[in-house]
Amino acid sequence: MSNRILNFSPGPAALPEEVLEQARADIWNLDGSGIGVLEHSHRGKAIDRIFDEAQADCRELLGLPESYAVLFLQGGASTQFAMVPANFLPEGGTADYLNTGAWSKKAIAEAKLYGGVHEAASSADSNFSYIPNRDQTSYSAEPAYVHFTSNNTIFGTQFVTEPEAPSGSVLVCDMSSDVCSRPLDPTRYGVIYAGAQKNLGPSGLTLVVIRRDLLDKAVREVPSMFRYHLHESNGSRYNTPSVFGVYMVGRVFRWILDSGGLSGMAERNAAKAKLIYDYIDGSSAFYGTARADSRSLMNITFRAPTEDLEKKFIAEAESEGLSGLKGHRSVGGMRASIYNAFPPVGCEALVQFMKHFESRNG
Ligand SMILES: *Cc1c(COP(=O)(O)O)cnc(C)c1O
């Protein structure tokens with residue numbers, strides 16, 4: 001692993017080292033063209049190929065039928081918080097949101113600029129430490145769509161499967177922090193969006209998977225850059241796209257395909273998370289903050305008995321090459337983010353470090 005350290009950052013996050021090595025070469029000279037990937041025209045043949053391959057590999061990976069379009073947009077997941085309601089929430093209409101944390105709340109705030117929001121479920125009553133179940137969820141009569149956040153990056157919770165939205169309703173998912181981490185049935189979704197910087201590539205780029213019949217179902221006039229249809233008909237190149245972002249997610253899609261696809265990722269991710277959760281559960285010093293049935297396989301949130309010990313833990317970890325373990329301020333404590341590309345040996349190293357820390361401070 002040369003001079004690199006273990007990066008537990010919640011995002012931007014660790015990327016596959018093979019992909020980074022390839023990118024290093026392609027930044028200098030892409031496919032022998034004499035021009036680097038950052039310098040090619042986005043309308044040229046070299047970049048056509050990158051877009052075509054990224055799109056095809058994404059379709060293969062997610063098992064997308066022809067009835068879905070893949071878009072590479074900009075502005076991160078946060079732009080989708082607004083773009084979704086701008087397109088699909090009519091004035092006077094209601095969209096249902098499952099409120100499972102800070103990112104859901106931000107999505108809700110944007111939707112309220114356009115129409116009504118019904119919070120069909122919320123775990124705010126216990127600082128978002130769990131995923132509401134079906135009995136705790138009540139949908140409105142005819143929601144324009146149902147929105148949920150599949151993995152709650154800050155609170156360390158994750159939906160086990162997608163919620164059962166009322167039949168016929170359009171399910172919209174912010175999948176930023178667990179996209180491509182496990183198999184899914186894409187046909188259950190109307191729109192999936194994900195900022196790339198957790199599981200897929202560089203920040204700024206946004207993957208959007210959208211059912212084609214929704215592309216031109218906008219309920220109002222929106223600015224050009226907010227039109228899904230326009231992006232689709234221009235092959236995600238209506239304006240100058242984030243070419244390097246698409247290049248990177250394309251390489252990462254390929255890396256996932258070569259590593260056993262989504263089921264390969266799911267197995268690897270489950271084993272990684274189990275190592276750490278098992279240690280926490282057996283520990284008399286550390287404890288998890290998410291309810292056991294709602295635990296995330298991507299972001300493991302945990303605490304130590306005192307805040308002083310937590311500070312000490314984070315500082316000592318940092319000095320031993322375990323970086324980015326500080327929890328979000330709304331939860332406190334620690335958070336180990338172990339997305340797709342985070343190596344299993346890094347999880348073993350964290351457990352070893354926790355053991356030593358506990359024996360020295362227990
Ligand atoms: C990181 C994150 C976001 C924000 O993504 P940006 O690309 O910064 O807009 C939104 N939702 C979830 C679940 C996230 O983890």
Side-chain angles (χ1 to χ4, degrees), residues 7-15 71-86 97-111 113 121-124 127-132 146-160 162-163 171-182 184 189 191-209 225-226 231 236 241-242 244-246 248-249 252 269 273 289-290 294-301 324 326-331 335-342:
N7 178 14
F8 291 90
S9 167
L15 289 166
L71 307 177
F72 299 112
L73 306 185
Q74 298 175 63
S78 300
T79 298
Q80 294 306 307
F81 292 167
M83 196 161 156
V84 165
Y97 279 71
L98 307 188
N99 182 6
T100 53
W103 296 116
S104 306
K105 284 203 269 189
K106 286 194 165 170
I108 289 168
E110 299 300 298
L113 299 173
S122 170
S123 48
N127 199 29
F128 302 110
S129 61
Y130 69 97
I131 298 292
V146 173
H147 180 285
F148 77 109
T149 313
S150 51
N151 183 74
N152 298 282
T153 324
I154 292 172
F155 296 95
T157 64
Q158 186 176 25
F159 280 81
V160 176
E162 49 284 291
L171 193 59
V172 178
C173 182
D174 172 4
M175 218 176 266
S176 294
S177 53
D178 66 354
V179 66
C180 294
S181 70
R182 57 185 179 180
L184 83 172
Y189 295 84
V191 182
I192 294 169
Y193 64 86
Q197 70 271 26
K198 278 102 187 194
N199 272 300
L200 296 180
S203 57
L205 188 87
T206 322
L207 172 69
V208 174
V209 173
M225 285 297 284
F226 265 34
H231 288 294
S236 298
S242 169
F244 185 66
V246 177
M248 285 296 291
V249 300
V252 171
N269 288 329
T289 62
S294 305
R295 283 171 163 177
S296 167
L297 300 185
M298 302 276 98
N299 309 97
I300 298 180
T301 49
K326 190 170 170 17
H328 191 269
R329 61 190 176 281
S330 55
V331 186
R335 168 174 51 172
S337 298
I338 52 168
Y339 303 112
N340 283 345
F342 190 86

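Order of appearance sets the numbers: ligands from 1, and atoms from 1 within every ligand.
- If you look at ligand 1, the protein residues with a non-hydrogen atom under 4.0 Å away are G76, A77, S78, F81, W103, T149, N151, T153, D174, S176, S177, Q197, K198.
- A donor-acceptor contact shorter than 3.5 Å links the side chain of N340 to the backbone of C180.
- Partners of D178 by salt bridge (charged side-chain N to carboxylate O under 4.0 Å, His left out), not counting sequence neighbours, listed by chain and number: R182.
- Exactly one of P12, S177, S176 qualifies for a side chain to side chain contact (heavy atoms under 4.5 Å, CB included) with Q197. That residue is P12.
- Under 3.5 Å, the side chains of N152 and T157 contain a donor-acceptor pair of N or O atoms.
- Across N299, N151, N199, a single residue satisfies side-chain hydrogen bond (donor to acceptor under 3.5 Å, both in side chains) together with Y339, and that is N299.
- A side-chain donor-acceptor contact under 3.5 Å links Q158 to the backbone of L297.
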